[in-house]
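What follows is a single structure, written as structure tokens, with notes after it.
No experiment lies behind these values; they were computed from the predicted model shown.
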Amino acid sequence: MENKAIAKAFKLCSQLMELFNENPFRTKAMAAASFKIDKLPFPAVNATLEQLSEQPGIGKSTADKVLSLIHTGSFAELDALISKTPTGVMEMLSIKGLGPKKIQIIWNDLGIETVGELLYACNENRLVEAKGFGLKTQEEIRKAIEFANAAQGLFLYAKAEKAATPFMQLLTTAFPDGIHAFTGEFRRKCEIISSIDILTTAPVAEVAALLADDETYTLFEQFDASLQFTDAYAIKYQLLFTSTNDFATELLLTTGNEAHLQQLKEIQDPLPNGNTETEIYQALGLAYIEPELREGLEEINWAKDNKLPKLITFSDLKGTLHNHSTYSDGVHTLAQMANYCKDELGLEYLGICDHSKTAVYANGLSIERVAEQWKEIDLLNEKLAPFKIFKGIESDILSDGSLDYPDDVLRQFDFVVASVHSNLRMDEEKATQRLIKAIENPYTTILGHPTGRLLLSRAGYPLDFKKVIDACAQNGVIIEVNANPLRLDLDWRWQQYALEQGVLLSVNPDAHRTEGLLDMQYGIYAARKGGLSAPRCLNAFSKVEIEAYFTKRKDEVR
DNA sequence: GCCGTTTTCGGCCCGACTGTTTTCAGTCG
């Protein structure tokens with residue numbers, strides 16, 4: 001069991017305790033334990049009772065519960081709470097804007113026990129009658145439920161990948177002579193996946209038998225040339241069966257989205273045959289188009305004119321910007337983050353960007369603590385040279401669009417990532433103006449996660465993307481492609497426009513622990529969909545190049 | 001439930017924002 005899962009169980013426990021009006025201090029202690037476990041720098045599974053209860057915020061009682069969770073999957077108090085809560089009420093806890101207190105009223109006063117009923121009550125204007133509820137709250141809840149409903153059956157790419165990899169392993173082991181390939185939206189590296197599609201030459205009856213033998217998977221539909229099934233996470237899989245001869249054609253026909261295939265058919269219908277996708281594209285007079293680009297946008301025109309971008313890869317990255325450490329809310333120390341970048345990833349530099357002072361919840365840095373961090377960076381830079389840590393900050397963009405420190409502090413950073421963390425509910429006009437003001441600040445180097453969205457969980461604030469991107473172009477501000485699989489923000493659909501305006505992008509992991517740096521792979525996938533090539537990516541610059549870039553930018557301000 | 005002693009009890013306690021109130025409670029990052 002991973003720390004994240006343990007932390008989730010404690011979070012649920014604290015929420016249910018609050019729902020049942022248990023002692024608020026115990027409730028808070030439970031929430032604090034959840035937070036603490038999530039931030040442990042080691043897997044709790046490997047820890048002893050003593051090691052756990054040594055941690056501040058975790059006492060003997062909590063440590064016992066952690067061990068019980070690891071060994072039995074739960075603990076007594078949690079079980080008791082769950083058993084007296086209707087499933088629908090627990091589902092309400094995951095809806096944004098709904099907490100235990102509001103749910104209490106919904107459940108006890110209005111007698112609503114399912115999310116479906118709750119939506120119905122919103123539509124019937126029945127929530128406004130309840131104490132502490134009004135029209136706006138009702139509307140927010142209605143929107144949040146509709147957002148959650150729309151996310152049903154959809155999965156983040158990263159989660160789908162975690163499931164897809166072992167299944168592909170199973171398939172290739174069982175049918176070593178067959179050809180198997182991912183196709184569809186999974187192959188296109190879409191940020192959200194509705195089904196994992198696999199093209200295979202394995203015999204359909206034998207695959208069906210294999211699935212029947214494996215209790216991880218539940219077969220729910222079988223045709224002559226396709227199978228559909230789900231796994232333990234309820235992720236949908238679609239297997240498509242073909243022959244070795246037709247494999248390349250089928251792969252091409254199942255990978256591209258409808259618009260892409262439609263445009264191909266406008267060149268020639270039916271499509272020419274070929275032994276590889278490259279041959280088929282060639283027969284159409286086109287260069288090979290990478291799967292990520294097959295979205296029916298400009299890729300076919302580019303392929304006609306031989307103007308396809310050489311898409312960036314993970315190995316093009318020379319460094320990483322926008323990362324956190326234990327100075328704010330990260331799990332690993334500055335030295336651990338730096339060593340991981342240097343030794344495990346072979347990078348030339350690390351940009352550290354802890355939270356700024358307004359982000360109190362994330363232990364944001366006071367001016368004094370910024371100075372402390374700079375001292376440690378200087379020491380580490382001597383020790384780790386030629387590897388370099390750049391002094392950055394993730395400065396909150398305050399409600400009025402200003403940054404979080406006075407200018408004389410801001411000018412001392414090597415670079416500044418400016419991002420919004422508070423006051424997320426704004427209309428388009430306000431949100432756009434707020435960002436533009438931050439972009440026009442001469443000390444802003446990179447605009448961080450521009451929309452604040454959390455995929456499948458929270459919509460970003462609405463933006464006039466063109467205005468924001470144009471402002472970045474005018475002010476020489478780089479736009480982040482936040483590589484966290486929940487964000488992938490700037491969305492790839494806007495990256496091409498940004499590149500056309502001359503804006504550089506930066507694939508930033510926003511890592512809060514060493515392993516988080518690996519998220520850059522997801523950012524790379526998104527950036528490839530956006531058509532990014534290495535020369536247009538800030539952290540594909542070498543250390544020498546990026547040093548020169550930062551220096552030049554700072555000189556321009558003076 | 002955790003912590004730290006004035007050492008086995010008593011205090012603990014983000015702040016901004018929003019929407020609901022008519023002075024505050026709930027939620028979030």
Side-chain angles (χ1 to χ4, degrees), chain A residues 10-11 13-19 21-39 52-66 68 75-78 81 92-107 109 127-144 324 328-330 354-366 394-400 402 404 419-427 430-431 434 448-449 451-454 457-461 482 484 486-487 489 510 512:
Chain A
F10 277 93
K11 180 77 188 293
C13 188
S14 103
Q15 286 178 311
L16 291 176
M17 285 167 77
E18 200 175 345
L19 186 64
N21 287 322
E22 305 232 1
N23 180 319
F25 291 114
R26 284 189 63 226
T27 303
K28 257 178 203 163
M30 205 63 86
S34 164
F35 186 77
K36 187 70 203 175
I37 291 161
D38 191 39
K39 299 282 177 202
L52 286 170
S53 46
E54 266 171 20
Q55 300 293 321
I58 301 178
K60 163 100 179 35
S61 159
T62 302
D64 273 335
K65 292 187 176 83
V66 172
S68 169
F75 54 89
E77 187 167 7
L78 180 60
L81 287 164
M92 289 178 201
L93 285 168
S94 62
I95 291 170
K96 290 266 173 223
L98 277 187
K101 289 291 157 67
K102 288 215 174 98
I103 294 175
Q104 235 174 28
I105 289 170
I106 290 169
W107 184 20
D109 295 0
L127 242 54
V128 289
E129 301 157 14
K131 189 164 170 283
F133 286 75
L135 258 182
K136 284 195 175 169
T137 305
Q138 175 174 274
E139 187 55 16
E140 287 301 320
I141 292 173
R142 193 185 62 74
K143 272 198 258 172
H324 299 264
S328 64
D329 61 346
D354 275 307
H355 287 282
S356 62
K357 64 184 197 314
T358 295
V360 184
Y361 62 91
N363 195 20
L365 271 55
S366 63
E394 181 176 20
S395 169
D396 263 40
I397 297 175
L398 306 178
S399 289
D400 67 351
S402 56
D404 205 8
S419 32
V420 167
H421 291 105
S422 57
N423 197 0
L424 302 169
R425 278 194 269 171
M426 287 167 291
D427 59 41
K430 261 199 195 137
R434 182 184 185 186
H449 45 70
T451 75
R453 74 179 184 186
L454 297 177
S457 155
R458 176 178 86 199
Y461 32 82
N482 190 294
N484 187 311
L486 256 173
R487 293 192 184 267
D489 180 17
D510 200 353
H512 285 70

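Between A:E140 and A:R425 there is a salt bridge, with a side-chain nitrogen of the basic residue lying less than 4.0 Å from a carboxylate oxygen of the acidic one. Contact check on A:K136 versus A:E139 returns no salt bridge, with no Lys/Arg side-chain nitrogen under 4.0 Å from an Asp/Glu carboxylate oxygen. Salt bridge A:E22/A:K28: absent, no basic N to carboxylate O contact under 4.0 Å.
Separating the P atom of B:dG4 from that of B:dC13 is a span of 12 Å, rounded to the nearest Å. Comparing the P positions of B:dA25 and B:dT21 gives an interatomic distance of 13 Å, to the nearest angstrom. B:dC12 and B:dT6 have their P atoms separated by 15 Å, given to the nearest Å. B:dT23 and B:dT18 have their C1' atoms separated by 15 Å, given to the nearest Å. A gap of 22 Å separates the P atoms of B:dG1 and B:dT5, to the nearest Å. Across the P atoms, B:dT27 and B:dT20 are found 13 Å apart, a figure rounded to whole Å.
If you check B:dC3, B:dC2, B:dC13 against the side chain of A:K28, the one that comes closest is B:dC13. Taking every side-chain heavy atom of A:N423 into account, B:dC17 is the closest of B:dG1, B:dT20, B:dC17. With distances taken from any side-chain atom of A:S61 to the nucleotides B:dT27, B:dC2, B:dG19, the minimum falls on B:dC2. In this structure, of B:dC2, B:dC28, B:dC13, it is B:dC28 that holds the atom nearest to the side chain of A:K96. The A:R26 side chain lies nearest to B:dG1 when the options are B:dT27, B:dC3, B:dG1. With B:dC2, B:dT20, B:dT18 as the choices, the nucleotide that has an atom nearest any side-chain atom of A:R425 turns out to be B:dT18. Residue A:K101 has its side chain nearest to B:dT27 when only B:dC17, B:dT27, B:dG1 are considered.
The aromatic ring centroids of A:F75 and A:F10 lie less than 6.0 Å from each other.
For B:dC12, the base is stacked against the aromatic ring of A:F25, per a cut-off of 5.5 Å between centres and 30° between planes.
Between A:S53 and A:K102, it is A:S53 whose nearest contact on DNA chain B lies nearer the 5' terminus. The nearest heavy atom of DNA chain B to A:A130 and to A:V360 marks one nucleotide each, and the one closer to the 5' end goes with A:V360.
The aromatic rings of A:H449 and A:H421 sit perpendicular, their planes meeting at an angle over 60°, well past the 30° parallel limit.
One finds a side-chain N or O of A:T62 lying less than 4.0 angstrom from the OP1 or OP2 phosphate oxygen of B:dC2.
A:T137 comes within 4.0 angstrom of sugar-phosphate atoms only, judged by non-hydrogen atoms across all strands, and of no base. Counting any heavy atom pair closer than 4.0 Å across all strands shown, A:Q55 reaches sugar-phosphate atoms only and no base atom. In this structure, A:P24 reaches neither bases nor backbone, as no heavy-atom distance under 4.0 Å exists between it and the strands shown. Backbone-only contact: A:K65 has heavy atoms under 4.0 Å from sugar-phosphate atoms and none from a base. Within 4.0 Å of A:S399, counting heavy atoms only, lie sugar-phosphate atoms of the nucleic acid but no base atom.
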